[in-house]
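Structure record follows, encoded as structure tokens.
Numbers restart at 1 for each chain; the letters A, B, ... are given by sequence-line order, proteins then strands.
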Amino acid sequence: MDLAGELVAGLEPGAKAADVARALGLPERGAGAPVAALLDGELVDLGAAIAGARKVVLVPATVPEGRAVLRHSTAHVMAQAVTDLWPGASFAIGPAVDDGFYYDFELPGGATLTDADLARIEARMAEIVSEDQPFSREEHTLEDGLALFAGQPYKREIIEAIRSDASGGAGGGIAPTLSVYRNNERFVDLCRGPHVPSTGRLGHFKLLRVAGAYWRGDEHRPQLQRVYGTAFESEELLAEHLARLEEAEARDHRRLGAELDLFSFPREIGSGLAIFHPRGGLVRRLMEDASRERHAAGGYESVFTPHVTKAELFETSGHLEWFADGMFPPMELDEGQRYYVKPMNCPFHILVYRSRQRSYRELPMRLFELGTVYRYEKSGVVHGLTRVRGMTQDDSHIFCTREQMPAELSSIFDLVLDVLGDYGLDDFYMELSTRPEGKAAGSDEEWEEATDALRSVAEGRGLELVVDEGGGAFYGPKISVQARDAIGRSWQVSTVQLDFQLPRRFGLEYVGADNQRQRPVMIHRALFGTVERFLAILLEHYAGALPVWLCPVQVAILPVRDDHEAYARSVYERCTDAGLRAEVDEADEPLGARIRRQKMAKVPYVLVVGDEDVAGGTVGLNRRGGSKPERAVPVGSFIAEAAAEAASKGRARA
RNA sequence: GCCUGGGUAGCUCAGUGGUAGAGCAGCGCACUCGUAAUGCGCAGGCCGUGGGUUCGAUCCCCACCCCAGGCUCCA
């Protein structure tokens, strides 16, 4: 909604963004109504004067910036509701976040909120919305602000921070002003804005949960009561969003893991440690076998390394210096010798490399291991198979010359995309993490060369690339592959990381063609990330209906009556001969019940065999996700179809 | 670690200051069926653990353990 210059010129002097909207005949209320404006790129209230702006863009709540304004305003309404219900409550910050907003409160007497309070807060919010209170902006000096928020310690702290920024920063000399938004005589909040013009523009919101959250995210500071909510510009979009949340819950891999009898987390073992049941074990083995085959075909060599090691190894690697918090505490053995359970495979693979002198002729050397590692995660952060204390990485370390690095990175990306394709994941973006500010191992030149190499391989494949400036680890730049799942969430899967640190720490070398000792480049990479987490992602992506090649049972054969069992067995034999995993579900229960059970187990092909099939050599075929079952399908053609589907792995067949 | 919610049968959950219930799953018997739940019966419980209050605690109080969600997104 750009506005031509002449229309701006035609407006009254002192015109506001809202006047522009009116001149354009835009609605004041409703989902498409503007909620804010961009004046030369700066997001402001509709009540802001447009004087001097060359370009005015009206922003509706249907775009992300506008929706954030709507949510932020809803957060203010929530803060007002909470301060009405808990007089004396202080409030900290209340930003819009992905998919919603939150506000942090400190209630009088250290009171805490419970889920039951959410309904009360929502009810009060609805009243505030129906009162249609204006959001009016005021500007104040810092001193006025401190007085205005005399009873609000967190707001005062924020103002003090602004003061010290202003005096210490480069903008010295300009006295900063504060903006506040006043809704009525009682509620005024320190806020940058912008906001919707009045609370009546809001209303499609839902409070979702309460949580403790530390002030400034610092566990040494007070814990505040955080209320999360979400808001949309229409009831329909809100309902859709809530339905999506339910859908995500139905796809929860922990729930599916139990329902499909794949794995469990027995309390006896401890937090974040899974056991795989036979069916889950089968899926896992299929993934791991496929991984081994891919790696062998890609020129990788399998190595095996122990799960525990003396402290020395992690002292040399530096892990004990900067990663000790993430490691299980040591065991004391052999007269005070400290042993650690390994949190990473890399130092072991380095020892493989260093086990003898290496020649440039051996490079690139690609070492692969399905390496199980253990990391100490705080008890509150473990989550199903996605955040665990024990996990198996499909971990490789590649040692190559600097000249070989671009080609190696290129082949790694081929492998990554190929492998992920086997699992039907084909919607990705890449995230490039570059050199962090301050200390970083390696020279500028090395960083630049490596970062460029990573960037150009990703770009060469036309992949969407997001740069996380300064987000790399100190030991080298990284690219991660983020896969989007069926309901639009993204998950970090593969990572490719250059490392300038470990080759130096371990003194790695090779002898070059010129007979000089050189330092190899080291690349860490994992394709799944971890087998456990990758399985969790697949389960959530497919809502449990895994690609046929990964299904523990691919074909269930259901004889209608006992006397069809012999025929069912013969179909079973033909399936297994064709390499399909099949089972016969005998006729000791009604057919409907058996079909239901197989369907709930997400078996991709349910076959019913009765008189007609015995006579004709056919099966009744009920496909997973199919509309109607098919009768009288010749056994041979069914097997051909199923075998082709399994062989295609996760890829759509032409 | 901290905040919130929760731990009752294998699973999902109901319940009360007077020592417990449902559905599903399991087991037995009968049923032999053409596309998402056949019927009847049986069995199954240290009501998370330890203390306390009480004549009596699964229930009330305290402590602990475990599980889930949250604790990055800056007025």
Side-chain angles (χ1 to χ4, degrees), chain A residues 68 72 75-76 79 91-104 110-118 142 145 149 152 154-162 165 176 178-181 189-193 208-228 249 252 254-255 258-259 261 264-272 378-384 556 558-565 586-601 606-613 619-623 626 628-632:
Chain A
H72 185 198
H76 271 233
F91 40 106
I93 60 170
V97 294
D98 292 348
D99 290 334
F101 61 85
Y102 67 79
Y103 216 119
D104 288 346
T112 56
L113 292 170
T114 67
D115 291 345
D117 294 321
L118 295 184
L142 293 180
F149 293 101
Q152 290 289 339
Y154 298 102
K155 297 295 175 188
R156 288 173 60 92
E157 189 175 327
I158 292 161
I159 296 170
E160 295 290 359
I162 294 170
D165 278 2
L178 299 175
S179 57
V180 306
Y181 281 80
D189 194 1
L190 178 68
C191 183
R192 263 200 300 239
L208 297 172
R209 71 185 82 88
V210 302
Y214 297 107
W215 170 233
R216 301 292 196 195
D218 179 347
E219 61 184 302
H220 302 297
R221 311 187 78 169
Q223 177 151 287
L224 307 174
Q225 297 292 303
R226 175 169 296 180
V227 180
Y228 282 95
E249 191 175 333
D252 189 315
R254 294 166 300 177
R255 177 191 180 131
E259 282 173 9
D261 195 15
S264 58
F265 298 90
R267 290 168 183 29
E268 294 87 335
I269 300 180
S271 212
K378 287 185 179 174
S379 67
V381 307
V382 298
H383 176 88
L558 281 53
V560 173
R561 279 192 321 268
D562 281 351
D563 52 328
H564 302 128
E565 248 173 68
E586 291 170 6
D588 48 9
E589 273 181 292
L591 184 64
R594 286 180 284 150
I595 288 170
R596 180 167 190 272
R597 177 153 24 82
Q598 299 296 347
K599 287 290 183 185
M600 296 216 304
V606 176
L607 305 183
V608 173
V609 295
D611 291 333
E612 176 187 315
D613 300 295
V619 297
L621 172 56
N622 188 332
R623 292 185 185 83
K628 278 209 169 85
E630 258 181 76
R631 292 284 287 269

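Annotation: salt bridge (charged side-chain N to carboxylate O under 4.0 Å, His left out) contacts of A:R631 (sequence neighbours excluded): A:E612. Remark: A:R623 engages A:E630, A:E641 in a side chain to side chain donor-acceptor pair (under 3.5 Å) (not counting sequence neighbours). By the side-chain contact (heavy atoms from CB on, under 4.5 Å) test, A:D99 is found to be paired with A:H241, residues two or more places apart in sequence or in another chain being considered. Residues forming a side chain to side chain donor-acceptor pair (under 3.5 Å) with A:H72 (at least two apart in sequence, or on another chain): none. For the ring-ring contact (aromatic ring centres under 6.0 Å, His included) test, no residue two or more places apart in sequence or in another chain qualifies with A:F149. Considering only residues two or more places apart in sequence or on other chains, A:D261 meets the side chain to side chain donor-acceptor pair (under 3.5 Å) condition with A:H277. Taking the salt bridge (charged side-chain N to carboxylate O under 4.0 Å, His left out) definition, one finds that A:R156 meets it with nothing, sequence neighbours left out. Annotation: side-chain contact (heavy atoms from CB on, under 4.5 Å) contacts of A:Y214 (sequence neighbours excluded): A:E219, A:Q223. Residues satisfying the side-chain contact (heavy atoms from CB on, under 4.5 Å) test with A:R597, not counting sequence neighbours, are A:D585, A:E589, A:R594.
Between the CG atom of A:D261 and the C1' atom of B:A25 there is a distance of 12 Å, rounded to whole Å. Atom P of nucleotide B:A75 and atom CZ of A:F101 are separated by 16 Å, given to the nearest angstrom. Distance, A:I93 CD1 to B:A75 P: 7 Å, rounded to whole Å. Whole-Å rounding puts the A:E612 CD to B:U35 C1' distance at 12 Å. Distance, A:L208 CG to B:G5 P: 17 Å, rounded to whole Å. In this structure, A:W215 places its CH2 atom 10 Å from P of B:A75, rounding to the nearest Å. In this structure, A:Q225 places its CD atom 12 Å from C1' of B:G5, rounding to the nearest Å. To the nearest angstrom, P of B:C74 lies 16 Å from CZ of A:R221.
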Look for any protein N or O under 3.5 Å of an N or O in nucleotides 68-72 of chain B and output each such pair with its distance, or none.
unit_1: B:A68; atom_1: O3'; unit_2: A:R254; atom_2: NH1; d: 2.7
unit_1: B:G69; atom_1: OP1; unit_2: A:R254; atom_2: NH1; d: 2.8
unit_1: B:G69; atom_1: OP1; unit_2: A:R254; atom_2: NH2; d: 3.0
unit_1: B:G69; atom_1: OP1; unit_2: A:H383; atom_2: ND1; d: 2.4
unit_1: B:G69; atom_1: OP2; unit_2: A:H383; atom_2: ND1; d: 3.3
unit_1: B:G70; atom_1: O3'; unit_2: A:Y228; atom_2: OH; d: 3.2
unit_1: B:G70; atom_1: N2; unit_2: A:G212; atom_2: O; d: 3.3
unit_1: B:C71; atom_1: OP1; unit_2: A:Y228; atom_2: OH; d: 3.0
unit_1: B:C71; atom_1: O4'; unit_2: A:G212; atom_2: O; d: 3.3
unit_1: B:C71; atom_1: O2'; unit_2: A:Y214; atom_2: N; d: 3.0
unit_1: B:U72; atom_1: OP2; unit_2: A:G217; atom_2: O; d: 3.2

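Each of A:A96 and A:R597 has a nearest nucleotide on RNA chain B; the 5'-most of these lies closest to A:R597. With the nearest nucleotide of RNA chain B identified for both A:L224 and A:V619, A:L224 has the one nearer the 5' end.
Nucleic acid contact for A:I595: base, since at least one base atom lies under 4.0 Å from a heavy atom of the residue. Heavy atoms of A:K599 sit under 4.0 angstrom from at least one base atom. Counting non-hydrogen atoms under 4.0 angstrom, A:E259 reaches nothing in the nucleic acid. Base engagement by A:G620 is indicated by at least one non-hydrogen atom pair under 4.0 Å involving a base atom. When heavy atoms are screened at a 4.0 angstrom cut-off, A:L178 is found touching base atoms of the nucleic acid.
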Pair pattern of RNA chain B in dot-bracket, where unpaired bases get dots and | marks partners in another strand, Watson-Crick or G-U under 3.5 angstrom: (((((((..((((....[..)))).(((((.......))))).....(((((..]....))))))))))))....
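In this structure, A:D613 and A:H564 have side chains that are not in contact, with every pair of non-hydrogen atoms separated by 4.5 Å or more. Residues A:D189 and A:K155 meet the side-chain proximity criterion, which asks for heavy atoms closer than 4.5 Å.
With hydrogens and angles left out, the side chain of A:D613 and the base of B:G34 share a donor-acceptor pair within 3.5 Å.
Using C1' as the reference atom, B:G70 and B:C13 are 25 Å apart when rounded to the nearest Å. Taking atom P on both B:C61 and B:U16, the two are 15 Å apart, rounded to the nearest angstrom. B:U53 and B:G17 are spaced 12 Å apart, taking the C1' atom of each and rounding to whole Å. Comparing the same atom, P, in B:G7 and in B:A14 gives a spacing of 7 Å after rounding to whole Å. Comparing the P positions of B:G21 and B:C64 gives a spacing of 34 Å, expressed to the nearest Å. Rounded to whole Å, the C1' atom of B:G15 lies 9 Å from the corresponding atom of B:U8. Remark: the separation of the C1' atoms in B:C55 and B:G41 is 40 Å, to the nearest Å. Here, B:C11 and B:G44 have their C1' atoms 13 Å apart, quoted to the whole Å.
Formation of a donor-acceptor pair under 3.5 Å by the A:Q598 side chain with backbone atoms of A:V606 is not found in this model.
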B/S/- contact track for nucleotides 28-33 of chain B, protein heavy atom under 4.0 Å: ---BBB
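Checking each of A:F101, A:Y102, A:Y103 against A:Y228 for a ring-ring contact (aromatic ring centres under 6.0 Å, His included) leaves exactly one that passes, namely A:Y102.
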